[in-house]
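Every heavy atom of this structure was used, including side-chain atoms; hydrogens, water molecules and symmetry mates were not.
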Amino acid sequence: MLIGYARVSTQDQNPDLQRDALERAECKEIYIDRVTGTAAHRPELERARARLREGDTLVVWRLDRLGRSLKDLIEWVAYLEEQGVAFKSLQESIDTTTSTGKLVFHMFGALAEFERNLIRERTQAGLAAARARGRKGGRSKALSPVKRQRAVELYNNREVSVKEICAMFAISKPTLYSYVQESQNASKVKP
């Protein structure tokens, strides 16, 4: 069965162009979301996913209607392939039931992996260069050394609850615990 999915970015946009194209492609069911492409939660897409069965084909008007990014598209097609569901994009003439369609999508996947590797390499090179210049990176401490020491003392003396210490210094519990851990590690190093 051909199952169509369409998406428009706002309530004001009209999905008729997509719906008409999906009907011409002989989709038996069509699911339409009215949400921005960056929205992670798309209820109609989830309904379409739940409806798909092995041997079905998910049809979209254009690739950008399905995926929020190239990575997202690749994940979708990989999921569909695992489920035995084909994928078709009308505007790009991609159809994973054909050898050519599969090739095109595998090329997309290779490009996405290449892009991820480039980003990782650039990030690592940037961090190494920063370290070479003496920068440690990361977020600066929320409290001065004196205030950190006072917070740790209050924690160790058990004079005040953790919640009260956090409120007093306007820090979160994980931040307080990291200061406590840092203090314990520093005391282990000292002779």
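The shortest side-chain heavy-atom distance between Leu154 and Met168 falls under the 4.5 Å cut-off. Under the 4.5 Å side-chain criterion, counting only non-hydrogen atoms from C-beta, Glu81 is not in contact with Thr96. Contact annotation: the side chain of Ile94 never approaches that of Thr100 to less than 4.5 Å [non-hydrogen atoms, C-beta and beyond]. Between Val85 and Tyr79, the closest side-chain pair of non-hydrogen atoms is not below 4.5 Å. Between Phe169 and Arg150 there is a side-chain heavy-atom pair separated by less than 4.5 Å. Side-chain contact check for Val162 versus Tyr177: some heavy-atom pair is nearer than 4.5 Å. Met1 is listed as a side-chain neighbour of Arg51, based on a closest heavy-atom distance under 4.5 Å. Using a 4.5 Å heavy-atom cutoff, the side chains of Ile3 and Thr57 are not in contact.
The side-chain tip of Arg49 points at the ring of Trp76 from less than 6.0 angstrom away and within 45° of straight on. In this structure, Arg47 fails the cation-pi test against Tyr31, since its NZ or CZ atom is not both closer than 6.0 Å to the six-membered ring centre and inside 45 degrees of the ring normal.
Heavy atoms from other residues, nucleotides or ligands lying under 6.0 Å from CD of Glu26 number 12 at most.
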> When you look at Asp56 and Arg53, which way does the salt bridge (Lys or Arg N to Asp or Glu O under 4.0 Å) test go after all the steps?
Replying inline: CA-CA 6 Å; Asp56 288 346; Arg53 300 291 178 258; over 6 Å; no
> Given the rule in the side-chain contact (heavy atoms from CB on, under 4.5 Å) test, do Lys163 and Cys166 qualify, once you have shown the distances and angles that lead to the verdict?
Replying inline: CA-CA 5 Å; Lys163 187 175 182 180; Cys166 292; 5.9 Å; no
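A donor-acceptor pair shorter than 3.5 Å can be found between the side chains of Gln181 and Asn185. Thr175 and Ser178 form no side-chain donor-acceptor contact under 3.5 Å, judged by distance and modelled atom types alone.
In terms of heavy atoms, Ala25 sits closest to Leu2 at O-CD1, 3.1 Å. Heavy atoms only, all atoms of each residue included: Ala21 and Leu90 are closest at O-CD1, 3.6 Å.
Proximity of a side-chain donor or acceptor of Asp33 to a complementary backbone N or O of Leu45 within less than 3.5 Å is detected. The main-chain N or O of Asn14 is never found under 3.5 Å from a side-chain atom of Arg34 such that the two would form a donor-acceptor pair. In this structure, the side chain of Gln18 does not engage the main chain of Pro15 through any donor-acceptor pair within 3.5 Å.
Cluster membership for Leu80 and Val104, using ILVMFWY side-chain heavy atoms within less than 4.5 angstrom, is shared. The hydrophobic cluster containing Phe87 does not contain Ile32, counting ILVMFWY residues as joined when their side-chain heavy atoms lie under 4.5 angstrom apart, directly or transitively. Linking ILVMFWY side-chain heavy atoms closer than 4.5 Å, directly or via other members, places Leu52 and Leu73 in a single hydrophobic cluster. In this structure, Tyr155 is a member of the same hydrophobic cluster as Tyr179, with clusters built from ILVMFWY side-chain heavy atoms closer than 4.5 Å. Cluster annotation: Val60 and Val77 are assigned to the same hydrophobic cluster (Ile/Leu/Val/Met/Phe/Trp/Tyr, side-chain heavy-atom contacts under 4.5 Å, transitive).
In this structure, the separation between CD on Gln149 and CG on Leu143 is 12.0 Å, given to the nearest 0.5 Å. A distance of 9.0 Å separates OH in Tyr5 from CD in Glu46, rounded to the nearest 0.5 Å. A distance of 9.5 Å separates CZ in Arg7 from CZ in Arg62, rounded to the nearest 0.5 Å. In this structure, CH2 in Trp61 is found 10.0 Å from CG in Leu22, a value given to the nearest 0.5 Å. Atom-to-atom distance recorded for Arg65:CZ and Ser89:OG is 10.5 Å, nearest 0.5 angstrom.
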For residues 122-134, which side-chain N or O atoms pair as donor and acceptor with protein atoms under 3.5 Å away, sequence neighbours left out?
unit_1: Thr123; atom_1: OG1; unit_2: Ile119; atom_2: O; d: 2.8
unit_1: Arg133; atom_1: NH1; unit_2: Ala129; atom_2: O; d: 3.3

